[in-house]
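Presented below is the structure to which this report refers.
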Amino acid sequence: PHRLLPLGADGSRLLLGFGESSPGHATESLRSLSLDPPLLLPFEARLDGPLRLVRESPDHTRIVAVGGSDAETTVLRASDLEVLADYPHDSEEPVQWAAFDPGGKALWLARRAVDPRIGSDALLAWQPGREPLMPESLPSGLRPLAVLPMSAGLFLFGSERDVLLKQDG
């Protein structure tokens, strides 16, 4: 495997990622491995790859996988790798990063325009299974690379600078 991610509060499972490619197409197969006892579980998710990011939700019930420019961001149920929701990427403004909010129900998606003269960078709040909310306005010139939800707000990592965006409430 080229990807290993501990799963569960106790780390008793691992998420394994295996890349596969054919001319013009790549996929990543995600598998779950129990560590006690060591056993490859019969669950598999095959996603368009290569994947940029794979993370587990704070409550350990879901996994988010961010695909490439022409793919999607996918939310999986952690217990059996069943696809719960997909957010299709716009190849001109693909999602670069996804992070669960501290409550684990919603995701923040950092979208980055391939060419800022044509598209726009954005930060989107998304509850899987629903349409994303309107994009958050970003400070001028901030090209988002990643987002980290924190109690103080959203910390955006940019290519030139980093910013803490305060949230209402």
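For the numbers below, each heavy atom of this structure counts, side chains included, while hydrogens, waters and symmetry mates do not.
- Annotation for Ala152 and Leu164: closest pair CB-CD2, 4.2 Å, computed over non-hydrogen atoms.
- The backbone N or O of Thr27 sits nowhere less than 3.5 Å from a side-chain atom of Glu20 that would complete a donor-acceptor pair.
- When hydrophobic clusters are built by joining Ile, Leu, Val, Met, Phe, Trp and Tyr residues whose side-chain heavy atoms come closer than 4.5 Å, directly or via intermediates, Leu51 is not grouped with Leu33.
- When all heavy atoms are compared, the tightest approach of Val75 to Pro128 is CG2-CG, 3.7 Å.
- Across Asp48 and Ala71, no two heavy atoms sit closer than the pair CB-CB, 3.9 Å.
- Side-chain contact between Leu15 and Glu56: absent, with no pair of heavy atoms (C-beta onward) separated by less than 4.5 Å.
- Counting heavy atoms from C-beta on, the side chains of Ser57 and Val64 never come closer than 4.5 Å.
- Checked by atom type and distance alone, the side chain of Trp97 never pairs as donor or acceptor with a backbone atom of Leu145 at under 3.5 Å.
- At most 12 heavy atoms of other shown residues, nucleotides or ligands fall within 6.0 angstrom of atom CG in Asp36.
- Met150 CE to Asp101 CG: the interatomic distance, rounded to the nearest 0.5 Å, is 14.0 Å.
- Placement of Leu47 and Phe100 in two distinct hydrophobic clusters is found when ILVMFWY residues are connected by side-chain heavy-atom separations under 4.5 Å, directly or transitively.
- Closest of all the heavy-atom pairs between Leu107 and Ala98 is CD2-CB, 4.3 Å.
- The same ILVMFWY cluster, assembled from side-chain heavy atoms under 4.5 Å apart, contains both Leu35 and Leu40.
- Proximity of Gln96 to Val66: side-chain heavy atoms (C-beta onward) are nowhere separated by under 4.5 Å.
- A 4.5 Å side-chain heavy-atom check between Leu30 and Leu5 finds every atom pair outside the cut-off.
- Remark: side-chain polar atoms of Arg3 are not paired, donor with acceptor, to backbone N or O of Leu53 under 3.5 angstrom.
- A heavy-atom distance below 4.5 Å is found between the side chains of Asp59 and Lys105.
- Within the structure, every pair that satisfies the ring pair (Phe, Tyr, Trp, His ring centres under 6.0 Å) test and touches residues 140-159, not counting sequence neighbours, is listed here: Phe155-Phe157.
- Between the side chain of Arg31 and the backbone N or O of Phe43 there is at least one donor-acceptor pair closer than 3.5 Å.
- Two different hydrophobic clusters hold Leu84 and Leu41 under the rule that ILVMFWY side chains link at heavy-atom gaps under 4.5 Å.
- Under the 4.5 Å side-chain criterion, counting only non-hydrogen atoms from C-beta, Leu165 is in contact with Leu156.
- Remark: Leu76 CG to Ser32 OG distance equals 11.0 Å, nearest 0.5 Å.
- In this structure, the separation between CD on Glu72 and CG on Asp90 is 13.0 Å, given to the nearest 0.5 Å.
- Neither Leu81 nor Leu16 shares a network with the other; the hydrophobic side chains, linked directly or stepwise wherever heavy atoms of I, L, V, M, F, W or Y lie under 4.5 Å apart, form separate groups for each.
- Nearest heavy atom pair, residue Gln127 against residue Ala106, reads CG-CB, 3.8 Å.
- You'll find the side chain of Pro144 stays beyond 4.5 Å of the side chain of Leu123, heavy atoms only.
- Leu142 contributes atom CG, which lies 10.0 Å from atom CD of Glu160 (distance to the nearest 0.5 angstrom).
- Leu7 approaches Leu14 most closely through the heavy-atom pair CD1-C, 4.2 Å.
- Using a distance-only test at 3.5 Å, with no hydrogens or angles considered, a donor-acceptor pair links the side chain of Arg13 to the main chain of Ala78.
- Side-chain contact check for Ser69 versus Arg52: some heavy-atom pair is nearer than 4.5 Å.
- Evaluation of the side chain to side chain donor-acceptor pair (under 3.5 Å) test over residues 75-89, restricted to residues two or more places apart or in two chains, returns Thr73-His89, Thr74-Asp86, Arg77-Asp80.
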